[in-house]
Amino acid sequence: MTPEEAVAEQLRLAPSVVPRAAEGFAPRVAAGLDVAYDGDRLVAAAACVDIETGERLDSAVVEGRTAFPYVPGLFAYRELPALRDALAALPASPDVLICDGHGIAHPRRFGLACHLGVVTGIPAVGVAKNPLGEYSPPARERGSWTPLTLDADEVGRALRTQDGVKPVFVSVGHLIDIDTATGLVLRLARRHRQPETTRAADHLCRAASVRTPGPRSRPAGG
DNA sequence: GCGACAG
DNA sequence: ATCTTGTCGC
């Protein structure tokens, strides 16, 4: 698929995003998703966490090959295939996806979290480390937030998950509203800047990547 | 025209 | 994302 076709597909799928939670939405299991790279090889991980207790539940790790370059705005085309494989490898489907990237806080309002949510039908939230739009620094205290703006639209929030740390950027992915998404991210990020789901997935795929012989893997060491 | 630009 | 030493703090 070419970048032009990818853009056309995003424009076609964007209207499918449902920016609100279904009646009685009460997620119990959240899945964190992340990918680690080693040249053109990659490892994707899905890690489930009990939202109530924080307990680590099922997880899955899969490997694959890079099929699309990193292009801002088309990030999903690089990680989506592997992330779908990781989700499919889970013994049970999670109630909500916590994605490492943006949802509607995207040029065409269809970032990774939206794409993943729409193709799986699972509610999804986007949590990015850096903004695409503009924002004013939130108050220093954990829980405070300010609007994230893009093209004069309020597309998400800059949320402070820990006192004095750089905020994370939360946006709606699919089948959830921004308030619910914000509360969920805050609950999942009790002790660190990033939600436990994202941290768990990051550790898993990174560890798997290190143990996998690849093109330009470490010269020596183990 | 030039730079910026989720991971 | 990944390349990289030391350093501050719980």
Side-chain angles (χ1 to χ4, degrees), chain A residues 3 6-7 10 14 17 32-47 61-84 86 97-118 124-135 142 148-151 153 155-159 161-174 181 185 189-195 197-221:
Chain A
V7 168
Q10 292 184 319
V17 171
L33 304 164
D34 196 23
V35 175
Y37 297 86
D38 180 32
D40 63 338
R41 302 287 302 143
L42 60 78
V43 176
V61 176
V62 300
E63 63 178 284
R65 220 168 252 291
T66 304
F68 205 88
Y70 167 64
V71 180
L74 297 181
F75 175 54
Y77 290 83
R78 185 173 172 72
E79 304 197 336
L80 202 66
L83 292 178
R84 293 186 70 171
L97 308 177
I98 304 301
C99 308
D100 196 2
H102 294 292
I104 62 175
H106 174 278
R108 290 168 289 282
R109 308 297 184 269
F110 200 69
L112 175 65
C114 296
H115 207 143
L116 213 37
V118 167
V125 175
V127 180
K129 304 178 198 63
N130 296 291
L132 278 180
E134 308 74 51
Y135 74 100
R142 162 185 157 81
L148 173 59
T149 301
L150 211 170
D151 303 321
D153 284 341
V155 296
R157 294 175 177 174
L159 174 67
T161 54
Q162 297 297 321
D163 291 4
V165 304
K166 177 180 176 177
V168 293
F169 304 87
V170 182
S171 60
V172 167
H174 188 50
V185 171
R190 284 294 182 188
R191 326 180 44 167
H192 302 278
R193 179 192 178 220
Q194 293 281 343
T197 38
T198 301
R199 289 171 51 81
D202 180 81
H203 291 163
L204 287 174
C205 62
R206 189 170 302 195
S209 181
V210 164
R211 313 181 48 253
T212 304
R216 15 162 255 202
S217 49
R218 289 57 43 189

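All chains are named by letter (A, B, ...) in the order of the sequence lines, taking the proteins before the strands, and each is independently numbered beginning at 1. No hydrogens, no waters, no symmetry mates; every other heavy atom, side chains included, goes into these values.
When each of C:dT2, B:dG7, B:dC5 is scored by its nearest atom to the side-chain atoms of A:Asp34, the top-ranked nucleotide is B:dG7. Considering only the side chain of A:Leu112, B:dA6 comes nearest among B:dG7, B:dA6, C:dT2.
When rounded to the nearest whole Å, the span between CZ of A:Arg65 and P of C:dA1 equals 21 Å. We find that CD1 of A:Ile104 is positioned 18 Å from P of B:dA6, with the value rounded to whole Å. Atom-to-atom, CD of A:Glu134 to P of B:dA4 comes out at 15 Å; the value is rounded to the nearest Å. At whole-Å resolution of the value, CG in A:Leu80 and C1' in B:dG7 are 14 Å apart. Straight-line distance from the OH atom of A:Tyr37 to the C1' atom of B:dA6: 11 Å, rounded to whole Å. Taking atom CG of A:Asp40 as the reference point, atom C1' of C:dA1 lies 14 Å away to the nearest angstrom. Here C:dA1 presents its P atom at 19 Å from CZ of A:Phe68, a figure rounded to the nearest Å. A straight line from CG of A:Leu116 to P of B:dG7 spans 15 Å, rounded to a whole angstrom.
Judged by ring centres under 5.5 Å apart and planes tilted less than 30 degrees, A:Tyr70 fails to stack against the six-membered base ring of C:dA1.
Nucleic acid contact class of A:Gly73 (heavy atoms, under 4.0 Å, all strands): base. Using a 4.0 Å heavy-atom criterion, one finds that A:Leu42 contacts no nucleic acid atom at all. Across all strands shown, A:Leu74 has heavy atoms under 4.0 Å from base atoms, whether or not it also approaches the sugar-phosphate.
Taking the six-membered ring for Trp and the full ring otherwise, the centers of A:Tyr77 and A:His115 sit less than 6.0 Å from each other.
From A:Asp34, atom CG reaches atom CG of A:Asp202 across 4.5 Å, with rounding to the nearest 0.5 Å.
Nearest heavy atom pair, residue A:Val35 against residue A:Ala44, reads CG2-CB, 3.9 Å.
In this structure, A:Asn130 reaches the B:dG7 phosphate: one of its side-chain N or O atoms is under 4.0 Å from OP1 or OP2.
Judged by distance alone, with hydrogens and angles left aside, the side-chain atoms of A:Arg193 form a donor-acceptor pair with the main-chain N or O of A:Pro167 at under 3.5 Å.
A donor-acceptor pair shorter than 3.5 Å cannot be found between the side chains of A:Glu79 and A:Tyr70.
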